[in-house]
**Q** 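Below: one structure in structure tokens.
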Amino acid sequence: MTQIPQTPEDGRDLDVHPSTRTAWRRLLRAASPRPTKGTLLAGVLAVALGFAIAVQVRQTSNAGLEGLREGDLVRLLDTVNQDNSRLSDEIVRLEVQRDELATSTDLEQARAAAQQRLDALGILAGTTPASGPGIVMTIRDPQAKYTAAMLLDALQELRDAGAEAVQINDGRVGASTWFADGASGAVTMDGRTLSRPFVITAIGDNNTLAAAMEIPGGVSETARRMGGDTTVLIRDTVDITALRPLSTPRYALPENQASPSK
């Protein structure tokens, strides 16, 4: 059996047989890591994965408000402030009306207040014509690529900007309005096919509504990305004449009429 060569105390190497030295060199080479195609490929994939993760993190961080221009952020802030002011005024008005009705014995005044509330609810439900300041927006989609989801996003943008009544082509939008994609790129609203171009009439603060349609990544940019375009006309007065049929809720009842739960 071959013994491992030892070094004497004076530091001199002992004589080792050549075959023994050759065997030790082979053993050292076998124990040393050697680059192969597999290890090189694994290294390249690790570097590529790290780069992709870094890019994704950067894109995700820029996808929110950080990616908007200063002017867009200012418009968003103005919209939020206007909505907050409008809702605060509405709360004050309703509280004053409530106090007047609580202390008043005038039947005519109570009827007038009830009619005013009924008209407001009719506008929100889409069963009453409406008129007021707003916009008329035309979405041209020559390649029929504008989908039902995109039209729903446009409606949501209008509602977020304070639209109080909306009409698309000759159909009135209500709380239960729904959209779906049909055959050959058709878009339906409440089961009826909408013709192109889509003409959306909305009542609200006209300048705020118009600005909301130009937000980066919003309605106008989406239409351009689909090969179309939009035109937004600001009007002091627009008329919404389309009406929704009055329907009776099947399940929902006022709290005082609801049957006790079993």
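Since this is a predicted model, take the numbers as computed values, not measurements. Values below: every heavy atom of this structure, side chains too, minus hydrogens, waters and symmetry copies. Residues: numbered from 1 along the sequence shown.
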**Q** Can you see which heavy atom on Thr128 is nearest to which on Leu243, and at what distance?
**A**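 Looking at all heavy atoms of both residues, the closest pair is C-CD2, 3.5 Å.
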
**Q** Hey, does Leu158 have a side-chain heavy atom less than 4.5 Å from the side chain of Ile135?
**A**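 The answer is yes; the side chains approach within 4.5 Å.
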
**Q** Do Asn207 and Leu209 touch side chain to side chain, with heavy atoms closer than 4.5 Å?
**A**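 No; the side chains remain at least 4.5 Å from each other.
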
**Q** Counting only N and O atoms by type, is there a donor-acceptor contact under 3.5 Å from the side chain of Thr188 to the main-chain atoms of Ala180?
**A**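 Pair found, side chain donor or acceptor close to backbone of Ala180.
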
**Q** Transitively linked via ILVMFWY side-chain contacts under 4.5 Å: Val173 with Val232?
**A**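 Yes, it is one cluster - the side chains of Val173 and Val232 are joined through contacts under 4.5 Å.
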
**Q** Looking only at non-hydrogen atoms, find the nearest pair between Val166 and Ala202 and report the distance.
**A**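 Smallest interatomic distance, heavy atoms only, reads CG2-CB, 4.2 Å.
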
**Q** Between Thr193 and Ala186, what is the shortest heavy-atom contact and its length?
**A**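 Heavy-atom minimum between the residues: CG2-CB, 4.1 Å.
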
**Q** Under a 4.5 Å cut-off applied to non-hydrogen side-chain atoms, are Tyr146 and Thr222 in contact?
**A**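 The answer is yes; the side chains approach within 4.5 Å.
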
**Q** Measure across Pro142 and Gly228 and return the closest heavy-atom pair with its distance rounded to 0.1 Å.
**A**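 Residues Pro142 and Gly228, closest heavy atoms: CD-CA, 3.9 Å.
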
**Q** Do any N or O atoms from the side chain of Gln167 and from the backbone of Ala242 form a donor-acceptor pair under 3.5 angstrom?
**A**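 The answer is yes, because a donor-acceptor pair under 3.5 Å joins these two groups.
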
**Q** Could you check whether any side-chain heavy atom of Val238 comes within less than 4.5 Å of a side-chain heavy atom of Ser131, counting everything from C-beta outward?
**A**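 The answer is no; the side chains never approach within 4.5 Å.
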
**Q** For residues Leu151 and Met189, determine if any side-chain heavy atom of one lies less than 4.5 Å from a side-chain heavy atom of the other.
**A**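 A side-chain contact under 4.5 Å is absent here.
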
**Q** For a side chain to side chain contact (heavy atoms under 4.5 Å, CB included) check, start with the C-alpha distance between Val219 and Met137, then their side-chain angles and the critical distance, and finish with the verdict.
**A** CA-CA 10 Å; Val219 178; Met137 178 174 63; 4.0 Å; yes

**Q** Tell me yes or no: between the side chains of Arg244 and Thr177, is some donor less than 3.5 Å from an acceptor?
**A**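 Judged by distance alone, the side chains do pair up.
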
**Q** Using every non-hydrogen atom in the two residues, find where Ala130 and Ile123 come nearest and quote the distance to one decimal.
**A**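 That would be CB-CG2, 4.2 Å.
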
**Q** Is any side-chain heavy atom of Pro133 closer than 4.5 Å to one of Arg235?
**A**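 In short, these two side chains do not touch, never coming nearer than 4.5 Å.
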
**Q** With sequence neighbours excluded, give me every side-chain hydrogen bond (donor to acceptor under 3.5 Å, both in side chains) pair touching residues 133-143.
**A**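 Checked against side-chain hydrogen bond (donor to acceptor under 3.5 Å, both in side chains) - neighbours excluded - the pairs reaching residues 133-143 are Arg140-Asp229, Arg140-Thr231, Asp141-Arg196, Gln143-Lys145.
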
**Q** Inspect the surroundings of CG in Asp236 and state if more than 12 heavy atoms from other residues, nucleotides or ligands are less than 6.0 Å away.
**A**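 No, because the 6.0 Å sphere around CG of Asp236 holds 12 heavy atoms or fewer from other groups.
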
**Q** Would you kindly confirm whether Ile240 and Leu155 end up in one hydrophobic cluster when ILVMFWY residues are joined by side chain heavy atoms under 4.5 Å apart?
**A**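 Result: no, two separate clusters.
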
**Q** Within a strict 4.5 Å, meaning less than it, do heavy atoms of the Ile168 and Phe179 side chains meet?
**A**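 Heavy-atom side-chain distance check passes, below 4.5 Å.
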
**Q** Test your reading of the model: is there a side-chain donor-acceptor pair from Asp205 to the backbone of Gly162, 3.5 Å cut-off?
**A**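 No; zero donor-acceptor contacts below 3.5 Å.
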
**Q** Met226 and Phe198: same hydrophobic cluster, using ILVMFWY side-chain contacts below 4.5 Å?
**A**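 Both belong to a single hydrophobic cluster.
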
**Q** Output yes when a side-chain donor or acceptor of Ser220 lies under 3.5 Å from a complementary backbone atom of Met213, and no otherwise.
**A**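 Judged by distance alone, yes, a pair lies under 3.5 Å.
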
**Q** I need the minimum non-hydrogen distance between Asn169 and Ser195, along with the two atoms involved.
**A**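 Smallest interatomic distance, heavy atoms only, reads ND2-O, 2.9 Å.
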
**Q** Would you say the side-chain atoms of Asp181 pair up with the backbone N or O of Val187, donor to acceptor, closer than 3.5 Å?
**A**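 Checking the backbone N and O of Val187 against the side chain of Asp181, no donor-acceptor pair under 3.5 Å is found.
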
**Q** Flag the pair Leu152 / Trp178 as yes when at least one side-chain heavy-atom distance between them is below 4.5 Å, and no otherwise.
**A**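 Leu152 vs Trp178: side chains apart.
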
